[in-house]
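No experiment lies behind these values; they were computed from the predicted model shown. When a ligand or atom number is given, it counts from 1 through the structure's own listing order.
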Amino acid sequence: MDKRLQVRKSSICKVVMLGDAGSGKTCLLRRFMNDMFDASTQPTIGAAFGTKTVMTSNNGPVSLQIWDTAGQERYQALANLYYRNANAAVVCCDLTDLRSFERLEYWIKQLRNAEKGCKIYACGNKADLIWDGIKNRAVTLQDLQIFQTKVFETSSKMSYNVFQLFQMIADDLEPVENNSSVSTQVNVNAVEKQNEKKCC
Ligand code: GDP
Ligand code: MG
C-alpha cells in the first residue's frame, strides 16, 4: 500500500505525559521518538508534541500524538488545552522517589477533571537506578496498581519497556471514524504560528 495513503488514513491518538518534574517524562518520550537517551540535556524545553505512527494488529496504523510539558508542571499549571481530547495519559513517577509516586493522585485527579474518558497508564521510570544499585526502590509495581490502570516499569536509559508502553497505548485505542484529536492538532498548529509571529 502507498505509505502516504496509509499515514493519511491512520487514526490519531492524543497522549499526554503527566507527573512531577524530574519523573522522567521527557526522557521516555525521547526514547520512543528518537530511540535516544541523553542525561546531560535539558529536554523539557521543546515542542508541544511529537507524532509517531505505529502499526497495530487491530487498528492498522495509529499516529500517537504525544504531548510533553515544557516545565509548567513545576507550577501545577498545565493548560486545559493540554488535557483536552486526550485519548490516553502516561502518569509518571520515579521508582526511586516516593514523593513522585504520592503525587500521581494529584495528576490523575487533574486529568479526570479535564478529560473523563481518557485511558490511564501508570508508569514507574528509572528502573536502571535500582538494577545498578545506585538508588533504593521506593515504589513497587503493586503500589502503582492502586490506581487500577495498566502499569509499567520502564528505563529510558536502558530502553526497557518504553516501546512496549506506547505500543500498548496504540493497540488499546478504540477504532474511531472521526477522531476529535485532529481538530486539536489544527488548533495547536495555529497557536504555534501565532507565537512564531510574536517571537522576536
Ligand atoms: P521530566 O521533568 O519528567 O521531563 O523528567 P526528565 O525526562 O527531564 O528526566 C529527569 C532526570 O531524570 C534527568 O536528569 C534524566 O536524565 C533522568 N532520567 C530520566 N529517565 C531516566 C532513566 O530511565 N534512567 C536514569 N538513570 N535516569 C533517567
Ligand atoms: Mg520534561
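Contacts between I134 and ligand 1, counted as non-hydrogen atom pairs separated by less than 4.0 Å, are absent for every part of the residue. With a 4.0 Å heavy-atom cut-off, ligand 1 is reached by the backbone of T26 and by its side chain too.
Within the model, atoms CG of D128 and NZ of K157 stand 5.5 Å from one another, a figure rounded to the nearest 0.5 Å. The line from CD of Q167 to CG of N161 is 12.5 Å long, rounded to the nearest 0.5 Å. The line from CG of L29 to OG1 of T69 is 10.0 Å long, rounded to the nearest 0.5 Å.
Under the 3.5 Å distance criterion, with hydrogens and angles disregarded, a donor-acceptor pair is assigned to the side chains of N125 and T154.
Proximity annotation for atom 22 (C) of ligand 1: of T154, D132, D38, D128, D128 comes nearest, heavy atoms only. For the residues A39, C92, C27, the heavy atom positioned nearest atom 14 (O) of ligand 1 is part of A39.
In terms of N/O distances under 3.5 Å, ligand 1 is approached by K25. Checked against a 3.5 angstrom limit, the closest N/O atoms of A21 and ligand 1 fall outside it. On a distance-only criterion, F37 and ligand 1 share no N/O pair closer than 3.5 Å. Below 3.5 Å of separation, one finds no N or O of D68 facing any N or O of ligand 1. Here's the thing with G24: one of its N/O atoms is less than 3.5 angstrom from an N/O atom of ligand 1.
Heavy-atom contacts of L129 reach the following atoms of ligand 1: 26 (N) (cutoff under 4.0 Å). Those atoms of ligand 1 with a heavy atom of S155 less than 4.0 angstrom away are 23 (O). Contact atoms of ligand 1 toward D20: 3 (O) (distance under 4.0 Å to a heavy atom of the residue). Counting atoms of ligand 1 from 1 in the listed order, those under 4.0 Å from a heavy atom of G22 are 1 (P), 2 (O), 3 (O), 5 (O), 10 (C).
Judged by distance alone, the side chain of S100 and the main-chain N or O of D94 form a donor-acceptor pair under 3.5 Å. Under a 3.5 Å cut-off, the side chain of R112 and the backbone N or O of C118 do form a donor-acceptor pair.
Side-chain contacts under 4.5 Å among hydrophobic residues (ILVMFWY), followed directly or transitively, place Y75 with no other residue at all.
Of the listed residues (V90, V91, L104, V151), just one forms a side-chain contact (heavy atoms from CB on, under 4.5 Å) with I120, and that residue is V91.
Relative to the ring axis of F32, K52 places its NZ or CZ within 45° and under 6.0 Å from the centre.
Within the coordination shell of the Mg ion (ligand 2), defined by N, O or S atoms under 2.8 Å, T26 is present.
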